[in-house]
Amino acid sequence: MIDAGLAGKVVLITGANNPHGIGAATAKAFAAQGAKVFLHYFRAAQLPSRQEEAASPGAAYYHQQQTRDAAEALESIRELGVQAHAAEADLADSTVVPALFDQAEELLGPVEVLINNAAAWEADTFIPQGQGLRNELVELWTDRPGPFDAGVFDRLFAVDARAPALLMAEFARRHVARGASWGRIVNVSTDGAFSFPSEVSYGASKFALESYTRSAALELGRFGICVNVVSLGPVQTGWITPALEREILPTIPLGRIGEPGEVADVILFLASHQSRWVTGQKIFVGGGHGM
């Protein structure tokens, strides 16, 4: 029997309020191993939408999930008999990071595993408006991309790149201060990070996150901290419409859309005893999408 060595470990997971999302699935996977889980979440503002749009996968449905708190995820974790707590914070505010760790430590103990899953998303492009931009895949689930500007850049990089870097730095500071010798950080990226037409700022922010991951792995290894990143293909967290799924499936060798639990399993592996000789790596979790 494989023992992941995670029983009793304290895990901080960001972006865990979508009950059908990767954060919630990851929390349940760690809880099943006996870990103590602290969930971060941030409720998006309610948007006016037609009821039928918010009832099935797509942009409106996905956004609706982001407006929820973490109550459902917490309940499913506590049913497994482990300690779990949650706190809301806007990661666009750089000052909230120490408070998250303070709360986790007060309730559960020192954080030993950090999962940077929270992300902001907007579609944007360098192509001037009115020049015939078409991205059928984007338009199958949301509006056409808007123009690149400083506002989009600031919003996405604040949450998708700066916040994970600050969280890693705070994790490392506390780890070293208490003389710990074991730690794990797993960051969540996208297979579009290298180049993401029509989502240029989102892709670039994730590319920055991947660079931070490699730098952290090189610098923090001597303190016993392994740092890795998972790069995701299409995973159904509520945003993939049936029409979009039909378009995507031919690009996936395994012939199906991914599920949050399948990503959670890989994240769990990267935090486990079995991955003790793995650091600075990007593992693609996407059924072969885009090979």
Side-chain angles (χ1 to χ4, degrees), residues 15 18 21 42 44-50 52-54 56-67 90-94 116-166 187-213 229 231-252 257-258 282 284 286 289-291:
N18 179 356
F42 178 68
Q46 292 278 359
L47 294 177
S49 63
R50 293 195 299 269
E52 63 271 18
E53 289 181 336
S56 59
Y61 177 83
Y62 180 78
H63 185 86
Q64 184 65 28
Q65 304 311 304
Q66 304 305 313
T67 66
D90 182 0
L91 293 179
D93 178 356
S94 62
N116 279 313
N117 169 70
W121 179 90
E122 291 183 52
D124 63 342
T125 176
F126 290 119
I127 298 176
Q129 296 300 289
Q131 297 302 307
L133 170 68
R134 296 287 298 177
N135 187 322
E136 287 80 4
L137 292 183
V138 171
E139 293 169 25
L140 280 171
W141 85 280
T142 190
D143 295 330
R144 293 189 181 188
F148 172 85
D149 62 30
V152 177
F153 176 91
D154 290 345
R155 287 190 294 274
L156 296 190
F157 269 75
V159 176
D160 297 352
R162 186 182 70 190
L166 289 171
N187 297 320
V188 178
S189 184
T190 171
D191 65 352
F194 181 77
S195 171
F196 215 149
S198 78
E199 301 176 41
V200 297
S201 294
Y202 176 72
S205 68
K206 290 297 189 178
F207 204 44
L209 176 61
E210 293 179 7
S211 179
Y212 280 135
T213 299
V229 62
S231 173
L232 307 187
V235 178
Q236 181 58 285
T237 57
W239 64 277
I240 301 176
T241 65
L244 179 56
E245 181 173 354
R246 288 192 294 271
E247 292 293 323
I248 292 175
L249 284 181
T251 71
I252 303 176
I257 299 296
K282 178 171 72 174
F284 176 55
H289 176 253
M291 278 200 307

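All values below come from the heavy atoms of this structure, side chains included, with hydrogens, waters and symmetry mates left out. Please read these numbers as outputs of a predicted model, since none were measured by experiment.
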| note | The ring-ring contact (aromatic ring centres under 6.0 Å, His included) partners of Tyr212 (sequence neighbours excluded) come to none
| Which residues share a side chain to side chain donor-acceptor pair (under 3.5 Å) with Thr237, sequence neighbours left out | none
| message | Quick check against the 3.5 Å criterion: does Glu245 have a side-chain atom that pairs as donor or acceptor with the backbone of Leu249? | response | no
| task | Please confirm whether the backbone N or O of Leu244 pairs with a side-chain atom of Thr241, one donor and one acceptor, at under 3.5 Å? | result | yes
| task | Would you mind telling me which of Glu210, Lys206, Lys282 makes a side-chain hydrogen bond (donor to acceptor under 3.5 Å, both in side chains) with Ser189? | result | Glu210
| query | Stepwise, does the side chain to side chain donor-acceptor pair (under 3.5 Å) test hold for Asp191 with Ser231? | reply | CA-CA 5 Å; Asp191 65 352; Ser231 173; 5.6 Å; no
| CD1 of Ile248 to CD1 of Ile240: how many Å apart, nearest 0.5 Å? | 5.0 Å
| task | Answer yes or no: is there a donor N or O on one side and an acceptor on the other, between the side chain of Asn117 and the main chain of Gly15, under 3.5 Å? | result | yes
| field | Leu232 side, atom CG; Thr190 side, atom OG1 - distance, nearest 0.5 Å | value | 6.5 Å
| request: Please name the pair of heavy atoms, one in Leu166 and one in Ser94, separated by the smallest distance, quoted to 0.1 Å. | output: CD1-CB, 3.7 Å
| field | Euclidean distance, Leu156 CG relative to Ser205 OG, rounded to 0.5 Å | value | 5.5 Å
| Under 3.5 Å: donor-acceptor pair, side chain of Asp160, backbone of Ala120 | yes
| field | Side-chain donor/acceptor of His63 to backbone N/O of Gly58, under 3.5 Å | value | no
| task | Ignoring hydrogens and angles, tell me if any N or O in the side chain of Asp124 forms a donor-acceptor pair with the backbone of Ser201 under 3.5 Å. | result | yes
| task | Work out which heavy atom in Pro234 is nearest to a heavy atom in Ile257; give both atom names and the distance. | result | O-CG2, 3.6 Å
| said: To the nearest 0.5 Å, what is the distance between CD on Glu122 and CD on Glu199? | reply: 11.0 Å
| query | Heavy atoms, side chains only, cut-off 4.5 Å: are Thr125 and Pro147 in contact? | reply | no
| Over all atoms of both residues, closest heavy-atom pair of Ala163 and Val159 | CB-O, 3.5 Å
| Can you name the side chain to side chain contact (heavy atoms under 4.5 Å, CB included) partners of Phe153, sequence neighbours left out? | Phe148, Phe157
| Looking at CG of Asp93 and CZ of Arg162, how far apart are the two atoms once the value is rounded to the nearest 0.5 Å? | 8.0 Å
| request: Go through the steps for Phe42 and Gln66 under the test side chain to side chain contact (heavy atoms under 4.5 Å, CB included), then give the verdict. | output: CA-CA 8 Å; Phe42 178 68; Gln66 304 305 313; over 6 Å; no
| field | Distance in Å, Trp121 CH2 paired with Trp239 CH2, rounded so as to fall on 0.5 Å steps | value | 9.0 Å
